[in-house]
Amino acid sequence: MKFFIDTANLAQIKEAYDLGILDGVTTNPSLMAKEGITGEAAILKHYVDICNIADGDVSAEVISTDYEGMIAEGEKLAALHENIVVKVPMIKDGIKAIKYFSSKGIKTNCTLIFSAGQAILAAKAGATYISPFVGRLDDISFDGMELIAQIAHIFAVQAYPTQILAASIRNPIHIIKSAEMGAHVITSPLPPILALLSHPLTDKGLAQFLADHAKANG
Ligand code: E4P
């Protein structure tokens, strides 16, 4: 399973890359706004900055919701860097745009997936990735992990090449369960990724080893 970081914060992207386990980055308009990146020129430059840190796919989301707008925006984004993946919302014109990008060899990430039916449509259109939002489903008392399992089953049975990118990850259990359910990729903020490192018995065991070594070696 690949690990993407879900942020537009350059320092956090660098920190995650320095760990040596990161495979890519996802952003969205809310994450860009959170970093204070506004205006077309600054937004495009920020995507290039991310691509220059990240060695892997970088999702950049279109703002348009009509077919022509998405095509124009997506082509501009894709031309920025070879690692750009055009992120397209799960709406009717989005599906048409994904089909177009797929025919042009431009990678896509279909975002805001909340049902298996949406995932099937995006896969049929040729999406490179589909992003089911696990945490937002959990927030409204639907089991986000059940959706990952259902989509993983369907994609395996149908042999769809589209990759399942588990998104809206909120905690380390979401990451572990995504691996168990067969997601191809998770995208997570930095804290849940770092939380995978921790176990109290690891800390206790290491402290004991170091204390025993110090006692024996003076
Ligand atoms: C997906 O790519 C989105 O950027 C993201 O995972 C949404 O997560 P949130 O529900 O925490 O905003």
Side-chain angles (χ1 to χ4, degrees), residues 1-10 12-13 16-17 22-38 43 46-47 49-51 53-54 56-65 70 73-74 77-78 83-91 94-95 97-98 101 106-115 118-119 122-123 125 127-148 151-152 162-179 181 183-196:
M1 187 174 78
K2 288 186 275 188
F3 273 48
F4 290 177
I5 188 166
D6 195 29
T7 184
N9 182 286
L10 298 181
Q12 288 188 16
I13 292 169
Y17 263 94
L22 212 68
D23 303 293
V25 180
T26 55
T27 62
N28 64 41
S30 305
L31 293 171
M32 295 291 276
K34 189 174 162 193
E35 297 306 316
I37 314 297
T38 55
I43 289 171
H46 201 72
Y47 287 137
D49 290 345
I50 292 173
C51 288
I53 298 173
D57 284 349
V58 173
S59 287
E61 188 161 341
V62 297
I63 307 301
S64 304
T65 53
M70 283 190 258
E73 251 191 86
L77 290 168
N83 288 348
I84 289 283
V85 175
V86 180
K87 203 173 181 189
V88 178
M90 164 38 77
I91 53 176
I95 290 297
I98 287 168
F101 290 131
I106 294 173
K107 287 190 273 187
T108 53
N109 174 359
C110 187
T111 190
L112 293 165
I113 296 277
F114 292 95
S115 76
Q118 292 177 326
T128 314
Y129 299 101
I130 52 124
S131 289
F133 278 35
V134 172
R136 292 192 195 186
L137 280 171
D138 287 357
D139 289 346
I140 58 160
S141 300
F142 283 84
D143 188 344
M145 280 306 149
E146 282 297 318
L147 179 61
I148 299 294
I151 296 171
T162 298
Q163 296 183 52
I164 302 164
L165 198 175
S168 187
I169 295 285
R170 301 274 163 78
N171 57 57
I173 303 292
H174 279 155
I175 299 177
I176 296 163
K177 285 281 175 195
S178 294
M181 299 300 179
H184 303 94
V185 193
I186 57 96
T187 189
S188 171
L190 188 56
I193 295 174
L194 295 180
L196 292 174

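Counting starts at 1 for both ligands and their atoms, in listed order. For the single chain, residues carry numbers from 1 onward in sequence order. Predicted model, so just to flag it, every value in this text is computed and none were measured.
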Which atoms of ligand 1 have any heavy atom of [X] under 4.0 Å away?
{"X": "Lys87", "answer": "1 (C), 2 (O), 3 (C), 4 (O)"}
{"X": "Phe133", "answer": "1 (C), 3 (C), 7 (C)"}
{"X": "Arg136", "answer": "7 (C), 9 (P), 10 (O), 12 (O)"}
{"X": "Ala167", "answer": "1 (C), 6 (O)"}

Starting from [atom], find the nearest protein heavy-atom neighbour and note its residue, name and distance.
{"atom": "atom 8 (O) of ligand 1", "answer": "Ser168 CA, 3.3 Å"}
{"atom": "atom 4 (O) of ligand 1", "answer": "Asn28 ND2, 2.7 Å"}
{"atom": "atom 5 (C) of ligand 1", "answer": "Asp6 OD2, 2.8 Å"}

**Prompt:** Where the side chain of His46 meets the backbone of Met32, is there a donor-acceptor pair that is under 3.5 Å apart?
**Reply:** no
**Prompt:** Between Ser168 (side chain) and Arg136 (backbone), is there a donor-acceptor pair under 3.5 Å?
**Reply:**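 Yes: the side chain of Ser168 pairs with the backbone of Arg136.
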**Prompt:** Backbone or side chain, does any N or O of Arg170 fall under 3.5 Å from an N or O of ligand 1?
**Reply:** yes
**Atom pair CD1/CG of Ile173 and Asp138 - distance to nearest 0.5 Å** = 11.5 Å
**Complete:** One should read off an interatomic distance between Asn109 CG and Thr27 OG1, to the nearest 0.5 angstrom, of 9.5 Å
**Asked** Mind checking what makes side-chain contact (heavy atoms from CB on, under 4.5 Å) contact with Ala127, not counting sequence neighbours?
**Response** Ile98, Thr108, Cys110, Ala122, Ile130, Thr162
**Prompt:** Mind checking what makes ring-ring contact (aromatic ring centres under 6.0 Å, His included) contact with Phe3, not counting sequence neighbours?
**Reply:** none
